[in-house]
Peer 1: 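Here's a structure for you.
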Amino acid sequence: MAGVVLLVPLGCQKPSAQDPSGGQTPAPAFQPAPISPRILLGWQYRNTLSDLLGSEAAKVVQPPPDTALNGFDGIGASQLALSSSAIARYESSAWLAAQAALAHTPTRDALIGCTPRSTTDEECLRSFVGRFGARAWRRPLTDAEQTSWTTLGTSAAAAAGNFYSGVEALIAGLLQSPHFLYMVEVGMPDASQPGRLKLTGHEMATRLAFFLAGTSPDEALLAAAAQGELDTAEGVRTQARRLLALPSARTALTHFFDELLQLRELPTLGKDTTTFPFFTPSLAASMREETQRLLADIIWEREGDFRDVFDAGYTFVDKQLATLYGVSGAPATGFARVTLPAEEGRGGLLGHASFLSLLAHTTTTSPTLRGRFIRERLLCEPIAAPPTNIPPLPAQNPGEPPKTMRQRLQQHVSNPSCAGCHTKMDPLGLGLETFDAVGRYRTNENDAPIDPVSTFDQAGTFSGPRQLGSLLRTDDRVLRCLVRNLFRMATGHVDEEGEQASLHQLDEAFATSGYRMKELLVELVASDAFRYARSQEDQP
């Protein structure tokens, strides 16, 4: 995956040991993870600047690109140090944003909130620092901080002979501070649990806002933090439900699925133009839109059982996708819901052209890539890297009988150095072989009939994406994996053994809710694992 650095396999923690009765032994007592600051992701940075300074300011900035570790940008944001080039980009972006915000007089005056009476109006500057600083840093400034920044503003205004130059310097400076660029979390000692830290109200407001809404806390959330309303799990739930009712919550969850399902790679996905002359960036964009629309329909419109995403017998298509799928009902413009033909076996996420195209080669399918994705991304089962010097599968030789991908992949299971991993991956992908490298339905490959019947662990046989999706929706591993991947995005770290007790409670809450995603999000942010931490020096 381009632009991704993996330090450890993307997988869940080792499952709890089984007791003789077939149940699971209790997870160890809850122990929070070490606290760690996270730099804002690029899209969060832009959203925050738009909220603080307006859309024009957000358009001109160029934050450094994000880097994923262990599967998520948010984990990279908590572990990677800033390079000198990244620091330079934040500096130039801060000045560009400040200039854009002050370029139009009505916007400028509303932002400053007072009318200067002189070039170095200290009272007006101090008032601005207090209000803007609290929003930018997501907490009230101390008296010392407010005095220091006011002095900087008056000095800059005096040097330039212009009050607004002082404001510009203040904005640019506050936006370069670690208190703006990072989600700074220090915590406070938890009186009921020695050695444990509880996030402060303003730290909780910041975590909540960036996870659920993808931007900095609004005035209502900051007020709730100041009044102590975020000190309890129930207070957090109240604010979480309010945030989830905002349009920005949909956008934030869209980013999660763009990462998890690799949908953000579609704009750069290439296919062989001779084999697939119709594959265009526009079609790739429609593929992403289809998947996000199905997710939105289940999560937001119907507030339904999230497991439906794995075997839904309907989808959303525009004219391009309708042609690719061979279905009718697409409008002249935009998307419409259509029922998928049952005889083709297409259904759920694994039947989407987005998944089938991303996990394929430029001309041919790849059961291995498709199977690996299911194992690692949906089941949280890490697959070891392949041995070095493994030769590629042989190409089709002229004069030989036609070979399907299933026949060619027999080499994987016949080679002992390959069989261990490929017996986990290939059967899952081989059951999807009736869909080609861009997601078109087919029954033959190289004039040979395709056998799509395959197996999934102990769950039984399946044929096609909808049947596989029906097996996945009842597999507890899939649901646990989803919970843990959401948690990793929310907290910026891979879950630790000490957090498993809290995560098991989330698994149970998800099931109790009827697998409603919105309720899972509410319970996640109210969980102990989200609200508590420990210092880096305090090892368990």
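Since the structure is predicted, the reported quantities are computational estimates derived from the model, not experimental observations. Quick note: numbers below take in every heavy atom, side chains included, and nothing from hydrogens, waters or symmetry partners.
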Peer 1: So which atom in S36 and which in S78 form the shortest heavy-atom distance, rounded to 0.1 Å?
Peer 2: OG-O, 3.2 Å
Peer 1: Scan D457, D426, D475 and name whichever one has a salt bridge (Lys or Arg N to Asp or Glu O under 4.0 Å) with R375.
Peer 2: D457
Peer 1: I'd like to know if the side chain of Q239 and the backbone of G235 have a donor-acceptor N/O pair within less than 3.5 Å.
Peer 2: no
Peer 1: Suppose we screen for ring pair (Phe, Tyr, Trp, His ring centres under 6.0 Å). Which residues come up paired with F211, at least two apart in sequence or across chains?
Peer 2: none
Peer 1: Would you call C481 and L379 a side-chain contact if the rule is heavy atoms closer than 4.5 Å?
Peer 2: no
Peer 1: Is R488 close enough and on-axis enough to F72, meaning under 6.0 Å and within 45°, for cation-pi?
Peer 2: no
Peer 1: Which residue in the set R237, R516, R531, K518 passes salt bridge (Lys or Arg N to Asp or Glu O under 4.0 Å) when paired with E523?
Peer 2: R237
Peer 1: Quick one about E433 and T365 (side-chain donor to acceptor, distance below 3.5 Å, no hydrogens or angles considered), yes or no?
Peer 2: yes
Peer 1: Starting at CZ of F316, measure out to OG of S286 and round the result to the nearest 0.5 Å.
Peer 2: 14.5 Å
Peer 1: Rounded to the nearest 0.5 Å, how far apart are CD of Q467 and OG of S454?
Peer 2: 11.5 Å
Peer 1: What's the spacing between T206 OG1 and W137 CH2 if we round to 0.5 Å?
Peer 2: 13.0 Å
Peer 1: L503 versus Q500: any side-chain heavy-atom pair under 4.5 Å?
Peer 2: yes
Peer 1: Whether R337 engages the ring of Y314 as a cation-pi pair (distance to the six-membered ring centre under 6.0 angstrom, angle to the ring normal within 45°) should be assessed.
Peer 2: yes
Peer 1: With the threshold set at 4.0 Å, does a side-chain nitrogen-carboxylate oxygen contact exist between R288 and E265?
Peer 2: no
Peer 1: Using 0.5 Å steps for rounding, measure from the CG atom of D308 to the CG atom of D297.
Peer 2: 9.5 Å
Peer 1: Answer yes or no on whether R207 is positioned over the face of F530, meaning its NZ or CZ is under 6.0 Å from the six-membered ring centre and within 45° of the axis.
Peer 2: yes
Peer 1: Only one of L41, N47, L40 passes side-chain contact (heavy atoms from CB on, under 4.5 Å) with F210; say which it is.
Peer 2: L40
Peer 1: In chain order, what residues pass the side-chain hydrogen bond (donor to acceptor under 3.5 Å, both in side chains) check against R370, with sequence neighbours excluded?
Peer 2: none
Peer 1: What I'd like to find out is whether the side chain of T200 reaches to under 4.5 Å of the side chain of R139, using heavy atoms alone.
Peer 2: no
